[in-house]
Amino acid sequence: MRASDLEPTFISHAPGHWPDVPQELWNDPTWQLRHRIDSLEALESRIELTDVERAGVLLAGNKLAMSITPHFLNLIDRDDPDCPIRRQMIPRLEEGWTAPEELADPCGEDSHMPVPGLVHRYPDRVLFLVTDRCASYCRYCTRSRVVSGVGEQQLETRWDAAFRYLEQTPQVRDVLLSGGDPLLFSDERLDRILTRLRAIPHLQFLRIGTRIPLFLPQRITPQLCEMLRKHHPLFISIHTNHPRELTTEVRDALGRLADAGIPLGNQSVLLRGVNDSLEIQKTLVHKLLMCRVRPYYLYQCDLINGSSHLRTPVAEGLDIIEGLRGHTTGYAVPQFVIDGPGGGGKIPLNPQYVVDAAPGSVTLRNFEGRTFDYPDPTPVPATELQRLRDSVMAGL
Ligand SMILES: *Cc1c(COP(=O)(O)O)cnc(C)c1O
């Protein structure tokens, strides 16, 4: 672990591997996307790989593509085979093994689609998968069956049918745009989609799930923010796992979104060798608050094919929450959840603070381990009520 990863400070890692690129190109999201690292050759020319990674990159080609923006590649420590950024982004040979508990569609999304591309699992909200592409690909992607365009399955979003379903389903009041990453679309295209959704009167609330602020902070332009603010109430959920990802560029991009009045939440995935320690999680949530991002969910890693090397025992997540709650700002503590395998939806997990529940009272423990009894309410006795009434009346 790098000591600086535990400091609540913001560092730029530019220009890193690209010392000769003019600032103007570096800040151009199109340049960043065009220069993504997506081949073994390009990766090896910058970072010394282990055998397990080299084989992993070759294997990834027909499962989930490798792709890393220059901005994000610079966060990788080229001398540290255990670097928490490389574990998220560089494929490993372990991905080729499917553990018995693993699934291609761990959250059972395909069986909850009334229209291709629209997942309607909860009564009042839907997940709208608008693209199968991201700026970079996370090795533990819960949607690796469709994302990146090289796997067996294709995402086929049926736009007209999806909008028609939303228009005709008044119980849906909340639409979450995800994918893939919706912020890969041009401002114009996103504006058209949001405008079309905003025209549906029963849609009270829109959200975008994106990792672009982390992978490609250059995409968060003032023009994008001006467009998004027309569609309020609009929230954004970002996805960051490790404090090193919160660079000066990312902090500034998140600041532009917050200044546009967009409430920001973060979703993290608990990953072995990446962020499975209380110290890293604490630094991460503190830095998020400094960026005006509220930690929202901490996910137990889904049972996606080839992910056992990245998953943690459930008890570790509970220990992390226990180490945060009470010990730091309440706003900094995310809800730990497991998406019930096969389609259960998000299930909250909490450390056990109720030590005993007897009739009439509960025994609780606080964050320090001290116990407290909290009794149920005692009803006001009728005789007392009568006496109070008499004394009030006597005073009139
Ligand atoms: C996560 C998710 C949502 C949103 O859930 P919230 O708890 O409201 O953030 C909606 N639909 C699906 C299918 C999801 O997986």
Side-chain angles (χ1 to χ4, degrees), residues 103-132 134 138 140-147 153 155-158 161-163 165-166 169-183 193-194 197 200 202-211 213 231-241 257 262-271 285 288 293-305 307 317 321 331-350:
L103 301 159
D105 178 17
C107 301
E109 293 178 339
D110 290 343
S111 58
H112 285 82
M113 290 194 193
V115 172
L118 205 60
V119 186
H120 191 178
R121 173 185 342 280
Y122 300 104
D124 67 340
R125 55 207 189 280
V126 296
L127 173 64
F128 194 176
L129 304 177
V130 297
T131 172
D132 61 0
C134 290
C138 311
Y140 51 88
C141 178
T142 190
R143 250 165 247 130
S144 58
R145 71 190 184 282
V146 287
V147 159
Q153 225 175 303
L155 178 71
E156 287 169 42
T157 305
R158 297 248 308 276
F163 287 123
Y165 179 84
L166 292 173
T169 315
Q171 63 268 35
V172 175
R173 39 163 290 287
D174 166 3
V175 176
L176 164 52
L177 298 180
S178 183
D181 200 317
L183 292 190
I193 295 167
L194 292 168
L197 293 172
I200 304 174
H202 53 266
L203 295 185
Q204 303 167 357
F205 179 72
L206 302 179
R207 288 187 265 185
I208 299 174
T210 175
R211 207 177 182 183
H231 300 286
H232 278 311
L234 173 73
F235 281 44
I236 288 185
S237 291
I238 66 163
H239 168 35
T240 177
N241 292 322
L257 291 169
I262 302 171
L264 301 171
N266 180 57
Q267 315 196 91
S268 282
V269 180
L270 185 54
L271 296 166
V285 295
L288 283 165
V293 181
R294 166 85 158 94
Y296 181 43
Y297 284 135
L298 174 65
Y299 287 93
Q300 175 70 14
C301 186
D302 289 327
L303 299 172
I304 189 73
N305 284 342
S307 67
I321 298 301
Y331 276 118
V333 185
Q335 173 65 56
F336 182 42
V337 289
I338 296 186
D339 223 306
K346 295 175 186 73
I347 301 168
L349 282 90
N350 291 299

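Everything quoted here is computed from the prediction, not taken from an experiment. Below, each value reflects all heavy atoms present in this structure, side chains not excepted, and no hydrogens, waters or symmetry copies. Each ligand, and each atom within it, is numbered from 1 in the order the structure gives.
Salt bridge present: Asp174 and Arg207 bring a charged side-chain N and a carboxylate O closer than 4.0 Å.
When the options Lys346, Arg207, Gln335 are ranked by their closest heavy atom to atom 3 (C) of ligand 1, first place goes to Lys346.
Near Tyr297, meaning under 4.0 Å from one of its heavy atoms, ligand 1 places the atoms 6 (P), 7 (O), 9 (O). Close approach to Val119 involves these atoms of ligand 1, each under 4.0 Å from a residue heavy atom: 13 (C). With ligand atoms numbered from 1 in the order given, ligand 1 contributes 6 (P), 7 (O), 8 (O), 9 (O) to contacts under 4.0 Å with heavy atoms of Tyr296. Of all atoms in ligand 1, listed by their number and element, those nearer than 4.0 Å to a heavy atom of Leu127 are 11 (N), 12 (C), 13 (C).
Asp110 and Gln153 form a side-chain donor-acceptor contact under 3.5 Å, judged by distance and modelled atom types alone.
For atom 8 (O) of ligand 1, the nearest protein heavy atom (residue, atom name, distance) is Arg125 NE, 2.7 Å.
When all heavy atoms of Ala162 and Leu118 are compared, the closest pair comes out as O-CD2, 3.9 Å. Across all their heavy atoms, Leu127 and Ser178 have their closest contact at CD1-CB, 3.7 Å.
Side chain of Arg121 to main chain of Cys107: a donor-acceptor pair is present (N/O by atom type, distance under 3.5 Å, no hydrogens or angles).
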